[in-house]
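To start, the structure itself, in structure tokens.
All values reported here derive from a predicted model rather than from experimental measurement. Letters A, B, ... are given to chains in the order of the sequence lines, protein chains preceding strands, and every chain is numbered from 1.
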Protein chains: 2
Amino acid sequence: MKCPYCSHPEDKVVDSRSSRENDSIRRRRECLRCQRRFTTYEHIEEIPLMVIKKNGQRQPFDRNKITAGLLKACEKRPISAQRIESILDTVEKSLLRRHNKEVTSWQIGELIMKKLHSVDQVAYVRFASVYREFKDVGEFMKELKDIVKKERK
Amino acid sequence: MKCPYCSHPEDKVVDSRSSRENDSIRRRRECLRCQRRFTTYEHIEEIPLMVIKKNGQRQPFDRNKITAGLLKACEKRPISAQRIESILDTVEKSLLRRHNKEVTSWQIGELIMKKLHSVDQVAYVRFASVYREFKDVGEFMKELKDIVKKERK
DNA sequence: AAGATTACCACAATATAATGTAGTTTTTTT
DNA sequence: AAAAAAACTACATTATATTGTGGTAATCTT
């Protein structure tokens with residue numbers, strides 16, 4: 001565990017206690033180089049995933065809602081429903097693997113866009129234009145040009 | 001560490017590895033009752049605090065901004081600047097103590113309101129009426145009545 | 001579709017963490 | 001302002017985690 005003060009990688013545990021609910025372990029560690037102390041927490045890898053919406057409200061992660069948006073973006077595009085499911089799989093898993101209990105809908109959008117971009121660029125632009133307003137028109141045009149260029153090939 | 005499947009409090013560590021950057025330890029644990037396995041992560045207690053704003057964008061926690069809003073809500077109220085600083089202290093500390101790297105501005109508002117409510121109820125209502133729209137008019141009127149009743153005493 | 005990275009698994013040898021008891025300080029609640 | 005709860009401290013005893021090696025499978029990148 002890297003010391004937060006001096007970045008030294010070695011330390012020792014000075015105290016270790018379970019929380020009353022046994023849902024975490026608090027350890028008090030001491031850096032072997034600078035002797036300073038710090039606290040760490042051990043947690044179970046989070047399973048429940050809460051989404052923070054734009055208005056700041058939370059709600060449980062609902063895969064179906066996202067699927068719906070993606071399906072719409074992929075209308076009339078050569079992407080199978082299977083393909084979409086697999087994109088969702090990847091996104092969901094990589095969200096679950098994060099250590100963070102909470103995700104913003106914006107982060108989810110970004111992840112999907114990254115995936116979608118490598119699968120179908122037209123669908124990507126459709127999705128992107130809904131989920132994220134391009135920072136400026138220039139960026140949007142640049143994306144479009146790149147895609148048109150490739151489609152022509 | 002409580003088993004996420006059967007809630008049994010005893011388990012053993014089956015594998016334990018540092019992340020390459022030494023900023024966390026991943027442990028693979030096995031429940032002593034149901035034998036199922038799960039993963040835990042140990043992290044340094046978080047120090048940097050990111051605020052998720054209503055529009056979904058992040059920014060570093062800025063105490064001054066919050067102070068400004070609070071000061072305005074407390075205009076002409078018998079609350080010293082010192083008092084306000086101490087409210088902010090409490091809120092900031094309790095945010096830092098959470099295990100969560102990120103907080104929504106909504107959560108911060110709630111914390112401040114809780115504190116403010118016990119200090120000055122009129123200021124509380126002013127602040128609340130800005131930071132949170134009361135779910136319904138009834139709730140707002142109820143708050144007002146309670147406060148007026150107390151003021152009369 | 002191949003290559004790289006990361007999670008997961010097993011086993012054995014060594015070193016370090018967990019736990020009880022207990023006192024102090026800090027923080028939160030009433 | 002006092003009481004209650006939580007975090008940090010120390011020390012001694014016991015028990016368990018860490019680390020290397022090495023292999024498989026799943027996932028991410030190109």
Taking every non-hydrogen atom, the tightest pair across A/C6 and A/R33: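 Taking A/C6 first and A/R33 second, the nearest heavy atoms are O-NH1, 3.1 Å.
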Side-chain N or O of A/T39 closer than 4.0 Å to phosphate OP1/OP2 of D/dA7: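 Checking D/dA7 against A/T39, no side-chain N or O comes under 4.0 Å of OP1 or OP2.
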Of all pairs that satisfy salt bridge (Lys or Arg N to Asp or Glu O under 4.0 Å), the ones with a partner from residues 1-14 of chain B, not counting sequence neighbours: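 Sorted pair list: B/D11-B/R29.
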Interface with DNA chain C, restricted to residues 27-37 of chain A and to heavy atoms under 4.0 Å: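 The stretch gives A/R27, A/R29 as the residues lying under 4.0 Å from the strand, ordered by number.
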pair A/E45-B/T40: side-chain heavy atoms closer than 4.5 Å: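 A side-chain contact under 4.5 Å is absent here.
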Side chain proximity check, B/I25 to A/M1, heavy atoms < 4.5 angstrom: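 A side-chain contact exists here, since the closest heavy-atom pair is under 4.5 Å.
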Report the distance from atom [atom1] of [X] to atom [atom2] of [N], rounded to the nearest whole Å.
X	N	atom1	atom2	value
B/R26	D/dT19	CZ	P	13 Å
A/N22	C/dA18	CG	P	13 Å
B/I25	C/dT16	CD1	P	13 Å
A/E42	C/dT16	CD	P	18 Å

End-to-end axis angle, where each axis spans five pairs of the helix from C/dA1-D/dT30 to C/dA22-D/dT9, to 10°: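 End-to-end axis angle for the helix from C/dA1-D/dT30 to C/dA22-D/dT9: 90°, rounded to 10°.
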Nearest-0.5 Å distance, CZ of residue B/R26 to OG of residue B/S16: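 Going from CZ on B/R26 over to OG on B/S16, the span is 9.0 Å.
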Approximate separation, where rounding is to 0.5 Å, of B/S18 OG and B/R27 CZ: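 Answer for the OG-CZ pair, B/S18 versus B/R27, is 8.5 Å.
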Any residue of residues 8-17 of chain A with a heavy atom less than 4.0 Å from an atom of DNA chain D: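 Here the set is A/D15, A/R17.
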No-hydrogen, no-angle side-chain donor-acceptor test under 3.5 Å, A/R28 and A/T39: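 Result is yes, a qualifying pair exists.
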In one Ile/Leu/Val/Met/Phe/Trp/Tyr side-chain cluster, 4.5 Å: A/Y5, B/I44: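 Cluster IDs for A/Y5 and B/I44 match.
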Joint cluster assignment, B/F38 & B/L32, ILVMFWY side-chain distance < 4.5 Å: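 No, B/F38 and B/L32 fall in different hydrophobic clusters.
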Partners passing salt bridge (Lys or Arg N to Asp or Glu O under 4.0 Å) against B/D23 (at least two apart in sequence or in another chain):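 Residues passing salt bridge (Lys or Arg N to Asp or Glu O under 4.0 Å) with B/D23: none at all.
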B/E30: side chain to side chain donor-acceptor pair (under 3.5 Å) partners, not counting sequence neighbours: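 Applying side chain to side chain donor-acceptor pair (under 3.5 Å) to B/E30 gives B/R37.
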